[in-house]
Amino acid sequence: METSSGGQMLSPLVETEVSIASARHSQLEALKREFERLSLLPAAEASRWLARQKEQAAVTVQSAWRRLVTRRAFRLGISRAVLARRSAAATIIQRTQRTRRRVAHEAA
C-alpha cells in the first residue's frame with residue numbers, strides 16, 4: 001500500500017476518497033476557468049455558447065436513453081430466447097417420458 005506523507009498506511013477507501021476529492025477540485029477549477037472566459041465574451045457569443053451547451057446536454061441525455069433502451073431490449077430478447085429453449089427442452093423431455101411409459105405399458 002502507498003503511504004501518506006506522514007508514513008502511515010492509507011486504506012483503499014481513504015485513497016479512493018482522496019482521489020475523488022482531487023477530481024472534484026480539478027472539475028471545480030475547470031468550471032472557474034470556464035466562467036472567467038465566458039464573462040469576457042460579448043453577450044451574443046455567450047448566448048451562442050449557451051445554446052451549444054444545451055444542445056450538447058440534450059444529445060448526451062438522448063444517447064444515454066438510447067443505450068438504456070437498447071440494453072433492456074437486448075436483455076429481454078436474451079430472456080425470451082432462454083425461455084423458448086427451456087420450453088423446447090421441456091417438450092422433448094415430456095415427449096420422451098410419454099413414449100417410455102407407453103412402451104413400458106405395451107410391454108407389460
Side-chain angles (χ1 to χ4, degrees):
M1 277 191 180
E2 296 180 23
T3 60
S4 66
S5 59
Q8 298 173 348
M9 298 291 264
L10 294 178
S11 72
L13 182 59
V14 172
E15 289 176 5
T16 302
E17 288 177 2
V18 168
S19 67
I20 289 172
S22 175
R24 284 183 184 152
H25 180 71
S26 297
Q27 289 173 343
L28 184 59
E29 290 300 318
L31 284 173
K32 285 179 183 178
R33 286 189 303 272
E34 186 175 26
F35 176 76
E36 289 171 8
R37 284 192 302 263
L38 276 174
S39 63
L40 298 175
L41 288 178
E45 273 189 61
S47 179
R48 284 193 297 271
W49 177 87
L50 183 59
R52 283 193 308 268
Q53 288 296 103
K54 285 182 178 181
E55 184 177 336
Q56 185 58 41
V59 167
T60 301
V61 169
Q62 290 167 358
S63 175
W65 176 254
R66 284 192 298 267
R67 274 194 311 273
L68 176 69
V69 169
T70 301
R71 276 193 221 112
R72 282 182 183 170
F74 179 73
R75 282 190 216 121
L76 182 61
I78 293 295
S79 64
R80 284 182 178 164
V82 167
L83 183 61
R85 189 171 177 188
R86 286 180 182 172
S87 179
T91 301
I92 291 169
I93 291 169
Q94 290 167 356
R95 183 184 321 125
T96 303
Q97 189 63 25
R98 280 193 298 269
T99 302
R100 288 181 65 199
R101 284 185 184 164
R102 188 176 47 230
V103 169
H105 181 70
E106 290 174 359

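Heavy atoms only: backbone and side chains are in, while hydrogens, waters and symmetry mates are out. Every value quoted in this text rests on a predicted model; they were computed, and no experiment measured them.
Side-chain atoms of Arg67 and Ser63 form a donor-acceptor pair, as typed in the model, at a separation below 3.5 Å.
In this structure, Arg86 CZ and Ile93 CD1 are separated by 12.0 Å, a value rounded to the nearest 0.5 Å. Between the CG atom of Leu76 and the CZ atom of Arg80 there is a distance of 4.0 Å, given to the nearest 0.5 Å. Distance check: Arg98 CZ to Arg100 CZ gives 13.5 Å after rounding to the nearest 0.5 Å. Atom CD1 in Ile78 sits 11.0 Å away from atom CZ in Arg75 (nearest 0.5 Å). We find the CD-CD distance between Gln56 and Gln53 to be 7.5 Å, quoted to the nearest 0.5 Å. Taking CD of Gln97 as the start and CZ of Arg101 as the end, the distance is 5.0 Å to the nearest 0.5 Å.
In this structure, the side chain of Ser87 does not engage the main chain of Leu83 through any donor-acceptor pair within 3.5 Å.
Its side chain within the 4.5 Å cluster rule, Leu41 clusters with Leu38, Trp49, Leu50 among the Ile, Leu, Val, Met, Phe, Trp and Tyr residues.
No more than 12 heavy atoms of other residues, nucleotides or ligands shown are found within 6.0 angstrom of CD on Glu55.
Side-chain contact between Thr99 and Arg102 is present, with at least one heavy-atom pair separated by less than 4.5 Å. A heavy-atom distance below 4.5 Å is found between the side chains of Arg48 and Glu45. In this structure, the side chains of Ser22 and His25 stay at 4.5 Å or more apart for every pair of heavy atoms.
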- [ ] Carefully, step by step, assess Ile20 and Glu17 under the rule side-chain contact (heavy atoms from CB on, under 4.5 Å).
- [x] CA-CA 5 Å; Ile20 289 172; Glu17 288 177 2; 5.7 Å; no

